[in-house]
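Everything on this sheet refers to the single structure shown next.
Basis for what follows: all heavy atoms, side chains included, without hydrogens, waters or symmetry-related copies.
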Amino acid sequence: MQPLSDLRVIAITGFLAGPFLGMTLARLGAEVIKIERPGAGDATRAAGPFAGPQGLSDERRTPEDISTRFLKRNQGVKSVTLDLKSEQGRALLLELARKSHVLIENLAPGALARMGLGYEHVSEANPSIIYCSITGYGQSGAYSRMPAHDPQVQGMSGLMDVNGHPDGPPTRVGFYIGDMVAPLYAALAIAGALRVREKTGKGQYLDVSMMDSIMALMAIDNLEEDIAKGLPLRMGNNTRAGPTGLYHASDGDVIIVDVR
C-alpha cells in the first residue's frame with residue numbers, strides 16, 4: 001500500500017537532503033516532480049561514477065552516460081526543467097503549485113522568496129499547500145546565512161564529540177547523517193501537516209534544519225548524566241551499559257553481547 005498515492009509534490013531540490021526527502025515521499029507513493037535548471041539540471045548529475053552503454057566509469061564517456069549518484073538519490077522522481085529566474089518560469093511553477101499538495105526545497109534561506117516563490121507567494125496561489133524547507137541552520141538566527149555541510153553540522157551539534165575513541169579526537173559519523181536525518185524528520189513533519197490539513201483544509205510552512213535534527217538525536221539521558229559526572233564522552237566501541245558492548249572473542253572475532 002502506498003499511502004501518499006493521491007499526492008503531488010513539487011521538489012526544488014539538489015545535492016542530498018532535498019532529493020532524499022523527495023525520494024522518501026515517492027517511495028510512499030507520491031508523484032514527485034523535480035524542478036531542474038535548464039541545460040545543467042541538479043549539480044549531482046555532473047558527479048560520478050557514471051553508467052552508460054559502455055559500462056561504469058568515474059568519468060563521463062558518452063552523452064548517454066548518467067550519474068549513478070543522481071539516480072540513487074532521485075529514485076521514483078520525475079524531472080522537468082524550469083528557469084525560475086524568468087517570469088515565464090515562475091508563472092509555470094505557480095500554476096503547477098495550484099495543482100499540487102506539497103512543495104519541498106533545500107535552497108539557501110530566502111532564495112526562493114527573492115524569486116517571488118517563497119511560502120507567502122506559493123500559498124497565495126494555493127492556500128492549502130504544505131511548503132517544507134530544509135536548510136543547515138534554519139530560516140532565522142545567527143547561523144542561518146552561513147554555508148552548511150554535513151561535517152560542519154556534525155561538529156557544531158556535538159555529535160562528533162561523542163564519536164570516536166577516548167584517546168582520540170572527535171570523529172565524524174561515516175555517512176552524511178545530517179543530510180539524511182533532516183529529510184526523515186521533514187517527511188514526518190509533512191505527514192503531520194497533511195493530517196492537520198485533513199481537519200482544517202489549511203496548509204502550512206515547515207522549517208526543518210540539519211542542526212535541529214542532529215540535536216534531537218543527542219537528547220538522550222545517559223549522555224546528559226555523563227556530562228554532569230565529567231565522564232569522557234567518547235568511548236569507541238564500548239558502552240557504560242554493560243554487558244552490552246563489542247568484545248574480542250578468544251578466536252579473535254569481535255562479538256556483540258546484549259543481555260536483557
Min side-chain heavy-atom separation [X]-[Y] under 4.5 Å:
{"X": "Ser79", "Y": "Arg45", "answer": "yes"}
{"X": "Ile104", "Y": "Ile12", "answer": "no"}
{"X": "Lys78", "Y": "Val32", "answer": "no"}
{"X": "Phe50", "Y": "Leu56", "answer": "no"}
{"X": "Asn74", "Y": "Met23", "answer": "no"}
{"X": "His101", "Y": "Val9", "answer": "no"}
{"X": "Pro170", "Y": "Arg234", "answer": "yes"}
{"X": "Val102", "Y": "Ile10", "answer": "no"}

Atom [atom1] in [X], atom [atom2] in [Y]: separation rounded to 0.5 Å?
{"X": "Leu21", "Y": "Glu105", "atom1": "CG", "atom2": "CD", "result": "10.5 Å"}
{"X": "Tyr176", "Y": "Leu16", "atom1": "OH", "atom2": "CG", "result": "8.5 Å"}
{"X": "Leu82", "Y": "Leu117", "atom1": "CG", "atom2": "CG", "result": "10.0 Å"}
{"X": "Leu206", "Y": "Cys132", "atom1": "CG", "atom2": "SG", "result": "5.0 Å"}
{"X": "Gln204", "Y": "Leu194", "atom1": "CD", "atom2": "CG", "result": "9.0 Å"}
{"X": "His149", "Y": "Met210", "atom1": "NE2", "atom2": "CE", "result": "9.0 Å"}

Main chain of [Y], side chain of [X]: is a donor-acceptor contact present, judged purely on distance under 3.5 Å?
{"X": "Ser5", "Y": "Gly29", "answer": "no"}
{"X": "Ser67", "Y": "Phe70", "answer": "yes"}
{"X": "Asn106", "Y": "Ile134", "answer": "no"}

Indicate the atoms forming the closest heavy-atom contact of [X] with [Y], along with that distance.
{"X": "Ser157", "Y": "Ile214", "result": "OG-CG2, 2.9 Å"}
{"X": "Ala148", "Y": "Gly136", "result": "CB-CA, 3.5 Å"}
{"X": "Ala187", "Y": "Thr24", "result": "CB-CG2, 4.2 Å"}
{"X": "Asp179", "Y": "Asp150", "result": "N-OD1, 3.2 Å"}
{"X": "Tyr143", "Y": "Tyr137", "result": "O-CD1, 3.2 Å"}
{"X": "Tyr185", "Y": "Ala216", "result": "OH-CB, 3.4 Å"}

Problem - N-O pairing of Arg37 and Asp83 below 4.0 Å - result: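 Answer for the salt bridge query: no.
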
Practice task
Would you mind checking if Glu87 and Arg90 are paired as a salt bridge, meaning a charged N to carboxylate O distance below 4.0 Å?
Solution key: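 No salt bridge links Arg90 with Glu87.
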
Practice task
Assess whether side-chain contact (heavy atoms from CB on, under 4.5 Å) is satisfied between Met211 and Met156, documenting all intermediate values.
Solution key: CA-CA 8 Å; Met211 186 71 167; Met156 291 183 66; 3.8 Å; yes

Would you please say whether a donor-acceptor pair under 3.5 Å links the side chains of [X] and [Y]?
{"X": "Asp207", "Y": "Ser209", "result": "no"}
{"X": "Lys34", "Y": "Thr13", "result": "yes"}
{"X": "Ser133", "Y": "Tyr205", "result": "yes"}
{"X": "Ser86", "Y": "Gln88", "result": "no"}
{"X": "Thr81", "Y": "Glu36", "result": "no"}

Handout entry: side chain to side chain contact (heavy atoms under 4.5 Å, CB included), paired with Leu28, selected from Leu4, Leu7, Ile190
Key =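 One option only clears the test, and that one is Leu4.
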
Practice task
Evaluate the side-chain contact (heavy atoms from CB on, under 4.5 Å) criterion for residues Ile177 and Leu217: first the C-alpha distance (whole Å), next the side-chain angles of each, then the deciding distance (0.1 Å), finally the verdict.
Solution key: CA-CA 11 Å; Ile177 187 171; Leu217 298 182; 4.2 Å; yes

